[in-house]
K.L.:
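Before I ask anything, let me first share the structure, which is written out below as structure tokens.
Lettering of chains follows the sequences in order, A, B, ..., and the numbering in each one begins at 1.
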Number of protein chains: 2
Amino acid sequence: MTIDRPGPQGMNDTSASGENLLFLTDEQLRKGIEAMFFAYRGFTADPDRILSELAYGRAHHRALHFINRSPGLTVNTLLTVLGVTKQSLNRVLRTLIEDGLVESRVGRKDRRERQLYLTAKGGELERQLSEAQRARMRAAYRMAGPQAVAGFRQVLEAMMDEQIRAQYLSLKEVRI
Amino acid sequence: MTIDRPGPQGMNDTSASGENLLFLTDEQLRKGIEAMFFAYRGFTADPDRILSELAYGRAHHRALHFINRSPGLTVNTLLTVLGVTKQSLNRVLRTLIEDGLVESRVGRKDRRERQLYLTAKGGELERQLSEAQRARMRAAYRMAGPQAVAGFRQVLEAMMDEQIRAQYLSLKEVRI
DNA sequence: TTGGAAAGTCAACAAGACTGACATAAAATG
DNA sequence: CATTTTATGTCAGTCTTGTTGACTTTCCAA
């Protein structure tokens, strides 16, 4: 027997305050869960294709992304942002350094630290990867419109872990 | 320099067609990309904790989820939905069947097929996992409000691969 | 100066993805 | 009826990426 779902159009309610709680049915939530799952697949698909040709993986992409965004960050900072162990990150970093995509300089103030920078070659790959990902994001944003994008960001932020959200929000102010 | 985000309420524009293209700067897109990354971590965090205590992984959760949603689906359908190879899926299914969480019955019409069902025990774990995930989704939805949720879903759908989106949209109509 | 803490590296292992080859049973087709 | 195709399962091997444990180097404070 078919269910009678509330329907996505039943949302043009008068109050955006959350009065109408019909959209919080388990069925609606399940759809949101599946949308996240499928969308994340699309989100990573384009960079993954590029990476697989270079014998790199998603972890390499993530490292390149955050080193590009915050040049000079330390290994410790990076592994905190990525949420992985230092050993796991280290393997990825080692190949990136060996291949001349990332440069690791001894920290200025604290010589135990290593500060990470992209080389020209590393910057080039990062640009290629992120441009592929941005292209999809851009298309999705265009398709959905500015209002939807604002909602998209709101929900994503609310879905993050507390500490991560604080981290993410503080990163918002960071310049390129 | 800090960005001025459009803001969820300042969006009462005349056209939802995407006239205002300011939100498509690379900086805005990069934030969307990072929001996806961090949010997905939160999205999977709660089930992951439960699973790790049972020596299961995310792959087991995904299988349980889709078997629960479409009882009797075939192995082939499931691996198409999950986007993995049969060898990969088989390893996961085997343990779930051995542990008495999933039942595999010979297909009715086509006896080559195996139809998958959750056992009572499997249903219980699925409920525990999905309830943890729904709780976070519910909280995020409440925090963001119905209008944001609609936008969230719109952008996610636009981000999926073509074929996946078609699949996802068709699944919307499916009954439990 | 010495001992602990912090940052990073090396080694070994596990989960879960992949490919390729092969087996079996059932359905479909000529 | 014989052959081919389809659906599934299995074995073996590889790769990425996560883990823990043990170690070195460096800093800092008692």
Side-chain angles (χ1 to χ4, degrees), chain A residues 37 40-41 44-45 47-67 72-99 102-117 129, chain B residues 37 40-41 44-45 47-65 67 72-99 102-117:
Chain A
F37 173 64
Y40 199 78
R41 277 237 300 266
T44 55
D48 280 356
R49 260 189 292 277
I50 297 170
L51 289 159
S52 69
E53 293 171 8
L54 303 172
Y56 290 138
R58 219 174 273 181
H60 299 84
H61 181 195
R62 293 197 283 257
L64 291 175
H65 173 97
F66 285 103
I67 294 173
L73 87 175
T74 66
V75 172
N76 203 33
T77 304
L78 183 53
L79 64 88
T80 302
V81 170
L82 293 176
V84 298
T85 59
K86 58 181 177 174
Q87 294 89 333
S88 186
L89 174 58
N90 191 256
R91 188 178 340 92
V92 169
L93 277 182
R94 187 165 34 186
T95 70
L96 291 175
I97 291 170
E98 281 171 2
D99 296 352
V102 167
E103 192 184 351
S104 165
R105 301 183 202 153
V106 171
R108 296 180 190 177
K109 305 196 310 187
D110 189 335
R111 296 182 50 217
R112 290 173 300 180
E113 294 179 342
R114 299 288 178 273
Q115 296 192 298
L116 304 170
Y117 299 87
L129 290 169
Chain B
F37 172 63
Y40 200 79
R41 276 238 300 267
T44 56
D48 280 356
R49 260 188 292 276
I50 298 171
L51 289 159
S52 69
E53 294 172 7
L54 303 171
Y56 290 137
R58 219 174 272 180
H60 299 84
H61 181 194
R62 293 197 283 257
L64 291 175
H65 173 98
I67 295 172
L73 89 174
T74 67
V75 171
N76 203 31
T77 303
L78 182 54
L79 62 88
T80 302
V81 169
L82 294 177
V84 298
T85 61
K86 62 175 179 174
Q87 294 91 331
S88 188
L89 175 59
N90 192 256
R91 188 180 341 96
V92 170
L93 274 184
R94 189 165 31 186
T95 70
L96 291 175
I97 292 170
E98 281 172 2
D99 295 353
V102 167
E103 192 185 351
S104 166
R105 301 183 203 153
V106 171
R108 296 181 191 178
K109 306 195 312 189
D110 189 334
R111 297 184 48 218
R112 291 172 301 183
E113 295 179 341
R114 297 288 177 275
Q115 297 191 297
L116 303 170
Y117 300 86

K.L.:
Say whether, by atom type as modelled, one donor and one acceptor occur between the side chain of A:Arg114 and the main chain of A:Arg112 under 3.5 angstrom.
P.N.:
yes
K.L.:
Measuring from A:Leu78:CG to A:His65:NE2, what's the distance to the nearest 0.5 Å?
P.N.:
10.5 Å
K.L.:
What distance separates A:Asp48 CG from A:Tyr56 OH, expressed to the nearest 0.5 Å?
P.N.:
15.0 Å
K.L.:
Decide yes or no for B:Lys86 and B:Val75: does some side-chain heavy atom of the first lie under 4.5 Å from some side-chain heavy atom of the second?
P.N.:
no
K.L.:
Output yes when at least one side-chain N/O atom of A:Ser88 is less than 4.0 Å from OP1 or OP2 of D:dT17, else no.
P.N.:
no
K.L.:
Return the CZ to CG distance between A:Arg94 and A:Asp99, rounded to the nearest 0.5 Å.
P.N.:
12.0 Å
K.L.:
Strictly distance-based, threshold 3.5 Å: is any side-chain N or O of B:Arg58 a donor or acceptor partner for the main-chain N or O of B:Leu51?
P.N.:
no
K.L.:
To the nearest 0.5 Å, what is the distance between CG (A:Leu82) and CZ (A:Phe66)?
P.N.:
6.0 Å
K.L.:
Measuring from A:Thr44:OG1 to A:Arg49:CZ, what's the distance to the nearest 0.5 Å?
P.N.:
9.5 Å
K.L.:
How would you summarise protein contacts on nucleotides 9-16 of chain D per nucleotide, using B for base, S for sugar-phosphate only and - for none, with heavy-atom distances below 4.0 Å?
P.N.:
BBB----S
K.L.:
Closest nucleotide of DNA chain D for B:Glu113 versus for A:Arg62: which of these residues is on the 5' side?
P.N.:
B:Glu113
K.L.:
As a quick check of understanding, evaluate side-chain contact (heavy atoms from CB on, under 4.5 Å) for A:Asn76 and A:Glu113, giving each step before the final call.
P.N.:
CA-CA 8 Å; A:Asn76 203 33; A:Glu113 294 179 342; over 6 Å; no
K.L.:
Return the value, rounded to whole Å, for the distance between atom CG of A:Leu89 and atom P of D:dT17.
P.N.:
12 Å
K.L.:
Does some side-chain heavy atom of B:Thr85 sit less than 4.5 Å from a side-chain heavy atom of B:Leu79?
P.N.:
no
K.L.:
Just how far, in rounded Å, is C1' of D:dG18 from CG of A:Leu79?
P.N.:
13 Å
K.L.:
Just verifying a value: how many Å separate B:Asp110 CG and B:Thr74 OG1, rounded to the nearest 0.5 Å?
P.N.:
9.5 Å
K.L.:
Indicate, with a heavy-atom threshold strictly under 4.0 Å, whether A:Gly83 touches base, sugar-phosphate, or nothing.
P.N.:
nothing
K.L.:
For nucleotides 27-30 of chain D, give me every protein contact, N/O to N/O, under 3.5 Å, one pair per line with atom names.
P.N.:
from, atom 1, to, atom 2, distance (Å)
D:dC27, OP1, A:Arg111, N, 3.0

K.L.:
Earliest and latest nucleotide of DNA chain C, 5' to 3', sitting under 4.0 Å from a non-hydrogen atom of chain B?
P.N.:
C:dG16 to C:dA27
